[in-house]
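First comes the structure, then the notes that go with it.
In this text the structure is predicted, and so the values were computed from the model without any measurement. To find a chain, count down the sequence lines: A is the first, B the second, and so on, and within it residues start at 1.
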2 protein chains.
Amino acid sequence: MTTAAAIYQQLHAAIISLELQPGMPLQEKVLAEEFGVSRTPVREALLRLAEAGLVEIFPQSGTFVSRIPLSAIPEAVVIRKSLERTTVERAAQVAAAEDIARLDAIIARQRAHASLSDASLFYAEDEAFHEAISAIAGYPGIWTLVKTVKLQIDRARRLTLPVPGRMATVTEEHTAIRDAIAAHDVKSACEAMMRHLGAVIPDVTALRQHHPDYFA
Amino acid sequence: MTTAAAIYQQLHAAIISLELQPGMPLQEKVLAEEFGVSRTPVREALLRLAEAGLVEIFPQSGTFVSRIPLSAIPEAVVIRKSLERTTVERAAQVAAAEDIARLDAIIARQRAHASLSDASLFYAEDEAFHEAISAIAGYPGIWTLVKTVKLQIDRARRLTLPVPGRMATVTEEHTAIRDAIAAHDVKSACEAMMRHLGAVIPDVTALRQHHPDYFA
DNA sequence: GCGTCGAAATTGATATACTAGTATGACAAA
DNA sequence: TTTGTCATACTAGTATATCAATTTCGACGC
């Protein structure tokens, strides 16, 4: 992998995890020194991050970690629902036994991580579940698209307090989706997915009070 | 606008219009000389094009105009249908009189361009129509997303022979969508849009015969 | 308090050079 | 003839130094 790609990944992860706070300045020169490389790969990484909406570049002025665009979050949720409705409906139509087995394996790992309260591993399996449904539907590119769209939602969610028992709730919702797919019940698969995605919308107003300068 | 952005736009247009043929090599050095700039802005433009899937960069080897990924086109159509179903349904719910007027204005211009057989202006208004629906629905970002997804579809369509009377057909389909939105008839608005988008799928097998080396 | 000027800072772009993979073709060996 | 190896040329990736263009911001004078 190239140096630029590595820097992109590191900055990407740091911004998503809020390790780099929204609004924080990012200077090419400083980053280049920190990473021990020249400005060139740093620039490439920042340009890609700007396209993803994770940093904002103001020419001849400065580069900053983007503030979370609260106004765009409802639209992002709508887009995600639209796309994942498509994948789950198709998956419910075409899923084979081995596909269900894959989903079961993911849910099982999720349960294990939930019982150990390992949020990071749990989150990874959550993503794997949705990605698997996209793959089962035969539309793997849709998950790629969803990932880019859900970026800002995830950042906002990181700011919400962890709700006790939420991992268990998510696992139950996943199980409901899995059951509907296994039963080839398109309608209830769709409904279960909509319930699941509807529950993930962060409480915008509360966030704004606690972290006023994190949002645009 | 920056030099890099200008170069990006020029290359983007040239690739979409097939002026730059799929598979054609693009050398940073050569492009830099042609545009009369240094390698840096050319690189930035190529990197953005690579993210959009319009060029393929093979490190330490070469950069090429991407071949059209025929296998990805069905998925792109599914994604577009999914997203535009969402916008048209919402638009049918919330459209005001002035919104309908905007659609009418676009359709009127389209009719004019069709009667003069000006394909390029007609195409621009076609895009404006879908963009307007996205805006009316309150989800302008969805059109941005659709634009990126439909890139490869558009390239493939450029290779198909112009069908006589297609402009008239498209205008009729747009009118049907407009009427359903004006009537706040969500169901038939959706159906009209699906008919419209279903008619745009290029004939993949025929293309492959005529331009075998344009596809991946 | 307000407007203006100018220095400092930052990204944008250039030029050059070097590194490290990759493709190519010639050539030798089987 | 086929196969494997090697030398070569070529390309993108990175480094470095420098200048340009623009914005930011504080000092200064009014």
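- For Ser61(A) and dT23(D), the shortest distance from a side-chain N or O to OP1 or OP2 is not below 4.0 Å.
- Taking the 5' to 3' direction, DNA chain C first and last meets chain A under 4.0 angstrom from a heavy atom at dT10(C) to dA13(C).
- Nearer the 5' end of DNA chain D, as judged by each residue's closest nucleotide, is the contact made by Glu44(A), out of Glu44(A) and Pro59(A).
- Remark: the backbone N or O of Trp143(A) is paired with a side-chain donor or acceptor of Ser134(A) at under 3.5 angstrom.
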Residues Arg102(B), Asp99(B); criterion side chain to side chain contact (heavy atoms under 4.5 Å, CB included); working and verdict: CA-CA 5 Å; Arg102(B) 280 169 57 198; Asp99(B) 296 326; 3.8 Å; yes

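- Taken residue by residue, residues 49-57 of chain A places heavy atoms nearer than 4.0 Å to DNA chain C at Ile57(A).
- Between the Glu89(B) side chain and the Ala189(B) main chain, no donor and acceptor come within less than 3.5 Å of each other.
- Judged by a 6.0 Å distance limit and a 45° cone about the ring axis, Arg48(A) is positioned over the six-membered ring of Tyr8(A).
- Looking only at atom types and distance, the side chain of Thr160(B) has no donor-acceptor partner in the side chain of Arg166(B) under 3.5 Å away.
- Whole-Å rounding puts the Phe35(A) CZ to dT14(D) P distance at 13 Å.
- Tested against His130(B), the residues Lys147(B), Lys150(B), His196(B) include a single side chain to side chain donor-acceptor pair (under 3.5 Å) partner, His196(B).
- If you measure from atom CG of Leu47(B) to atom C1' of dT14(D), you get 13 Å, rounded to the nearest angstrom.
- Looking only at atom types and distance, the side chain of His113(A) has no donor-acceptor partner in the side chain of Glu125(A) under 3.5 Å away.
- Nucleic acid contact class of Leu26(A) (heavy atoms, under 4.0 Å, all strands): sugar-phosphate only.
- At a threshold of 4.0 angstrom between heavy atoms, the contacts of Thr40(A) include nucleobase atoms, whether or not backbone atoms are also involved.
- Checked by atom type, the side-chain pair Ser82(B)/Ser82(A) shows a donor-acceptor distance below 3.5 Å.
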